[in-house]
Amino acid sequence: MRKKLKIGNLVRVNFIGSNYICEVIEVVDKTTYKARNIDTGVIIPNLRWKAHMDKKSVWFIQDFISEKNTTKSTRSIGTRKKTTNKAELDQAIKKQKDFVKGNIKK
């Protein structure tokens with residue numbers, strides 16, 4: 001089943017007779033993808049479906065396995081822990097301005 005793949009999709013890749021499960025990490029063009037082997041982390045460039053593959057190529061996409069659901073963070077930037085207190089930050093900015101003006105106090 002040929003399908004237009006998206007980043008994060010899992011596919012079964014055939015490499016010289018062996019099958020590997022890979023994750024699509026880049027869509028190069030309409031029929032070409034770049035994938036990473038889930039187990040080893042090896043990146044496979046110029047990956048295509050068998051119908052679109054080059055005659056010289058030793059790898060091709062055999063099956064579409066599933067879509068990987070990537071979740072976006074719902075945590076607000078304002079809720080970070082261990083940030084500088086506003087009063088301390090204002091004091092540091094004042095010291096920096098004094099230093100830039102040449103008023104160095106020890």
Side-chain angles (χ1 to χ4, degrees):
M1 172 178 144
R2 277 184 292 171
K3 179 178 177 175
K4 187 171 182 180
L5 301 173
K6 297 177 184 174
I7 295 175
N9 287 354
L10 297 177
V11 293
R12 186 178 321 277
V13 174
N14 188 315
F15 177 70
I16 311 178
S18 300
N19 292 325
Y20 300 99
I21 296 176
C22 298
E23 176 186 4
V24 175
I25 57 171
E26 184 180 336
V27 178
V28 179
D29 64 26
K30 190 171 148 180
T31 60
T32 309
Y33 305 96
K34 190 182 284 188
R36 180 183 321 116
N37 188 327
I38 299 283
D39 298 328
T40 62
V42 174
I43 295 176
I44 303 171
N46 298 328
L47 190 60
R48 296 179 178 192
W49 289 98
K50 188 172 183 176
H52 296 139
M53 76 177 207
D54 296 333
K55 291 183 180 181
K56 297 181 280 182
S57 182
V58 293
W59 51 70
F60 60 88
I61 300 171
Q62 187 172 359
D63 293 321
F64 171 75
I65 296 176
S66 68
E67 293 187 17
K68 185 176 180 184
N69 295 332
T70 55
T71 57
K72 293 185 178 178
S73 176
T74 56
R75 188 172 168 190
S76 173
I77 293 173
T79 61
R80 291 183 189 160
K81 293 182 179 179
K82 297 183 181 178
T83 58
T84 307
N85 186 350
K86 182 153 174 56
E88 291 175 11
L89 186 62
D90 289 339
Q91 185 180 9
I93 291 171
K94 185 177 183 279
K95 283 183 181 179
Q96 186 177 22
K97 284 181 182 178
D98 288 342
F99 176 78
V100 169
K101 291 177 184 176
N103 304 331
I104 301 172
K105 297 179 182 177
K106 292 185 180 182

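The first residue of the sequence shown is numbered 1, and numbering continues consecutively from there. Below, all heavy atoms of this structure are taken into account, side chains as well, without hydrogens, waters or symmetry copies.
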Side chains of [X] and [Y]: does their closest heavy-atom pair fall under 4.5 Å?
| X | Y | value |
| --- | --- | --- |
| N19 | N14 | yes |
| L47 | W59 | yes |
| Y33 | I61 | yes |
| W49 | L5 | yes |

Check the hydrophobic clustering (I, L, V, M, F, W, Y; side-chain heavy atoms under 4.5 Å; chains of links allowed) and say if [X] and [Y] are grouped together.
| X | Y | value |
| --- | --- | --- |
| I16 | V11 | yes |
| V58 | Y20 | yes |
| V42 | F15 | no |

Which distance, rounded to the nearest 0.5 Å, do you find between the [atom1] of [X] and the [atom2] of [Y]?
| X | Y | atom1 | atom2 | result |
| --- | --- | --- | --- | --- |
| T31 | R48 | OG1 | CZ | 4.5 Å |
| N46 | D29 | CG | CG | 8.5 Å |
| I93 | E88 | CD1 | CD | 12.0 Å |

Practice task
Sort out for me which residue in N9, I44, I38, I65 forms a side-chain contact (heavy atoms from CB on, under 4.5 Å) with C22.
Solution key: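 The residue from N9, I44, I38, I65 that satisfies side-chain contact (heavy atoms from CB on, under 4.5 Å) with C22 turns out to be I44.
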Exercise for the section: Name all residues meeting the side-chain hydrogen bond (donor to acceptor under 3.5 Å, both in side chains) criterion together with T40; count only those two or more places apart in sequence or in a different chain, and write none if there are none. Expected result: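 If we apply the side-chain hydrogen bond (donor to acceptor under 3.5 Å, both in side chains) test to T40, skipping adjacent residues, the hits are N37.
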